[in-house]
Amino acid sequence: MTRVRGALVTAVVVAFGGSALAARPPSPFPPTPAPEGGGGPGALWRAVAAAFDAASTDREPPPRPPTAVPVKWKARRIASLDLGAPLLALAAGDLDGDRKAEVVALTERHVVVLRPAGRGLGEVARAPLPADPASIRPRDAVGTLVVAGGEILARASTRGRGARWALDGKALRELGPLPSFPLCGDLSADLVPGRNYFGGAGAGDKEPVPAFYTARCRDGVVDRVGRAVRAQATVEAGGGVAIAIETRCGSRDKACTPRRDLRLEGAGVAIELDDVDRDGTIEVIVSGAGAPGDADAVAVWSIGESGVSKKPVFRRGFSGGVVGLGSGDLDGDGDSDVLAAVRLAGARKVDLWVLD
Amino acid sequence: MGARLTPRRSRGPLVVAALCALAIAPAGARGEGRPAYGGAAVGTLLGEPAGFDPIALRSHADAAVVGLLFDTLYEVGPDGVVHPQLAAALPEVQADKARIALRPGVRFHDGTALTAVDVVATLARVRASAAAGWLLVSVEDIAVDGDDVVLTLEAPRKDLARILATPWTAVTPRGLAPKKDAPIGSGPFRLSARKRDRLELEAWEGHLAGRPYLDRLTLRWFVSGDDEAQLYETGGAHWSLRGATRFAGGSPKHATTELESPATVLVYLGFGQVHADVLGNRDFRAALDAALARGGLATVGRGERAVPAIDPVPLDLGGPSLSAIAADPRLDVAEAALARAASKVRALARDRIAALTLEILVADSRPDDREVAARVVRALDKLGARATITAVDATELARRVTAGNCDLYVGHATAELGASAMIYAQAFAIAGDRGHADKLAGGAITGVRMKELFAARLPIIPLYHRAVRVHHRADLRGAWFDSSARLGVADLFVWPLK
């Protein structure tokens, strides 16, 4: 697994296993690193780091609770699109800085940017995927797509590499190559050669990475009391979803739990995370775990203080398969709009639904 | 398994407000469940394969097995569209040159790299072969250029990629004929054993189009018409091509799903050389053609769609439908044709034809062919000739047919190329008439002249086009047929029923 930061791909191998999780620092925002040793310069570095952290603690701003935006869950179809090739992934995010999210679709051939137009969606820009042929690809095409920091990061298994794009007016401009499959803004992974899942035997003394289908992250949300939260959901090859909620705890906030690990069973590969109604609780939106070609459903689960809700807060069945889920504020009204792409298995045509 | 976050670079609490303000919307997912890997399946072929050599394939079973063991430059997907397979892209045609870049990193089952040298040697062997050379009649030269393959063409061909997707052009190491019981290809499965009534295959991890979902696959064939359905009914097989139960009204042990291909497999009557004077006479062929009761062929088989035909082009690919007149024996036409034949061939004279006994060869692993042969016997009887039916194994059938050591045989041909001209060319190639096959494949004979030529020569006698109907366990998913009625075995996967 590699860390993606802009055009740089830093080879940081990260274990995805539960044991590795338990060994991790309790917070995603740890103190400034201050390694032992190093003689005089090392001691000076540690002293500076300690002073920096102390100063930061003193200037820690008070948490600002979020302002909830009431959301009514109701599915409505907003578009029926022929994307020219089977859809692999869906995402939403602001690409042009207007505080409204664009919808991005990754197909076996293209990256397509869509935007609300009239009562539906209209195509804004389209770029072909890199022409590099994939040497060994999985039998079922797999793709991952991330919209982060105003960029699109995408790779499909039909091609030998991925790429980063920026929306430049009505065109997509390629910013650079991506050797791996982007999963989150700072996470990527490689498929096991010839197979439809990620993972690996582990190189050298690295732990083997258990098989997983995809992972998705959500940054930039706050909990009920205003603490920064980061969430990640990993869809395991066995059908379960491992959810990690990491909270930025203030140094004086003793009641804060820096990390919670939760599970959800019976979910499909399409997944999204967001605080849709800005109430400080993360919603996990998942497709069903049925076979390809079977009828499908989208379920929305809320993650509160006590864990995953016992019942979904919303569920909607579809006669087709849910091939992609995305969430973003399409209309700029403050809450997120959850999108589901539904199709008959393998079809180029998809129906796009807004669920709230 | 838990998910581990890769932390962003620590910036300390000062950046909390900035983090809160960030409106990053990460995303990335794909739905619809993904097939899992593992498991084994027992399935069946439409008869015993005669061998593994791509250029010698003569039946649906041969084509099915070649497609599992070998790869071609291109493939026809479930959508009917030609996609690059060993090739990295569609041919790049400039003037009379077609350049084909190869996909990097492809390996044969023995681990050796598949290179342009293998492709060129394979295509050169195809072009030089008597049986399949017609496919590349428009190719003047085949050469390696770096990592690419360059074909020099007589004229640009729109169907070049489609031709290079046919199983005859499957790539073998250095273009050599595969070993009889140890073929090495680059296809999704590799052969682990060939036994008397089955092939045992293993998934090839390094297949360029992805490892098959199943770990192991056993492909069987049967001499008895009911054994296949019985094996499936009792849980011994994951699919059957001859029904789900041995007896009507029965029910299989497992929940079953049914799928049927287009009716594009041509069942035909081919001719050998033993009584060359009789069977080489076009009027006698016409007499036999007219004496056949084709309408009854619609009931041959185990319920799959069978479309009686007088033309090699399947109805499902735009071929003509059988007229009501042609469905029944046309004895007046037959007698007139026989009279013309008898004027040239003494053995067909009225006072001699009763002494004529013809042998009809059938594959013993295609039970329906015996029923078809019985109908041919009745047609010959109407002409006054006698016939016997001899069932032999597929290898023996292929050997005798190739050597011309038979009178008549019931053959199967898959429609690998959708264009009518290429299907007519294939019919002439089956009969060993390379001259006409080349003219048809090269575009020298087109339109209505193709039909007239076929009707005049009758290189083979089309009997019917059949579909392939598969009954498979409901927990075996991913089944699909291509336009040649071959099952997409590499895409099958097990999805347990709840």
Side-chain angles (χ1 to χ4, degrees), chain A residues 3 14 16-18 20-21 28-30 56 60-61 88-89 91-93 101 133 135-139 144-148 183-187 194-196 210 213-217 219-220 222 228 232 234 236 242 244 248 261 268-271 287 290-292 321-326 328, chain B residues 1-17 19-37 78-79 84 87-89 101-107 188 204-213 475 477-478 480 490-491 493 495-496 498:
Chain A
R3 168 186 285 196
V14 182
F16 240 81
L21 268 176
F29 316 111
S56 296
E60 197 172 273
L88 299 180
S135 54
I136 297 177
R137 58 191 191 273
R139 303 201 77 79
T144 61
L145 170 64
V146 172
V147 179
L183 299 171
C184 304
D186 57 356
L187 278 179
R195 304 206 181 203
N196 60 12
Y213 286 138
T214 195
R216 197 148 195 175
C217 305
D219 272 322
V222 296
Q232 178 172 321
T234 303
E236 301 163 352
R248 186 345 186 165
D261 290 302
V269 179
I271 190 167
S287 59
V322 178
V323 66
L325 291 166
Chain B
M1 187 190 79
R4 175 174 174 169
L5 295 176
T6 298
R8 288 173 179 278
R9 210 174 122 201
S10 172
R11 290 181 172 83
L14 289 175
V15 295
V16 170
L19 277 174
C20 293
L22 278 175
I24 298 170
R30 179 184 181 271
E32 299 177 297
R34 286 190 194 158
Y37 297 86
D79 51 4
L102 298 184
R103 194 177 293 278
V106 180
R107 296 196 171 273
W204 168 230
E205 286 284 346
H207 188 238
L208 64 98
R211 181 204 192 272
Y213 299 114
D475 58 356
R477 309 289 290 254
W480 62 277
D491 289 333
F493 60 94
W495 192 283
K498 292 181 179 176

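In what follows, every heavy atom counts, from backbone to side chain, and hydrogens, waters and symmetry copies are set aside. Every chain is numbered from 1, with letters handed out A, B, ... down the list of sequences.
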Check: Nearest heavy-atom pair of A/Arg139 and B/Gly210: which atoms, and what distance?
Finding: NH1-O, 2.7 Å
Item checked: Pairing residues for B/Arg211 by the salt bridge (Lys or Arg N to Asp or Glu O under 4.0 Å) criterion, not counting sequence neighbours -> B/Glu205, B/Asp215
Next item on the list: Kindly give the heavy-atom pair with the smallest separation between B/Tyr37 and A/Pro138, and that separation in Å.
Entry: OH-CB, 4.5 Å
Note to self: Please classify the contact of B/Ala490 with chain A as side chain, backbone, both or neither, using a heavy-atom distance under 4.5 Å.
What the structure shows: both
Notebook entry, point to check: Which heavy atom in B/Arg477 sits nearest to a heavy atom in A/Pro292, and how many Å separate them?
Noted result: NH2-O, 3.6 Å
Next item on the list: Hey, could you give me the CZ/OG1 distance between B/Arg34 and A/Thr214, rounded to the nearest 0.5 Å?
Entry: 6.5 Å
Margin query: Treating A/Tyr213 as the side-chain partner and B/Gly33 as the backbone partner, does any N or O pair qualify as donor plus acceptor under 3.5 Å?
Written below: no
Item checked: Any donor-acceptor pair under 3.5 Å from A/Asn196 side chain to B/Pro35 backbone -> yes
Margin query: Quick check for you: among B/Pro104, B/Pro212, B/Pro84, B/Ala209, which has the greatest number of heavy-atom pairs under 4.5 Å with chain A?
Written below: B/Ala209
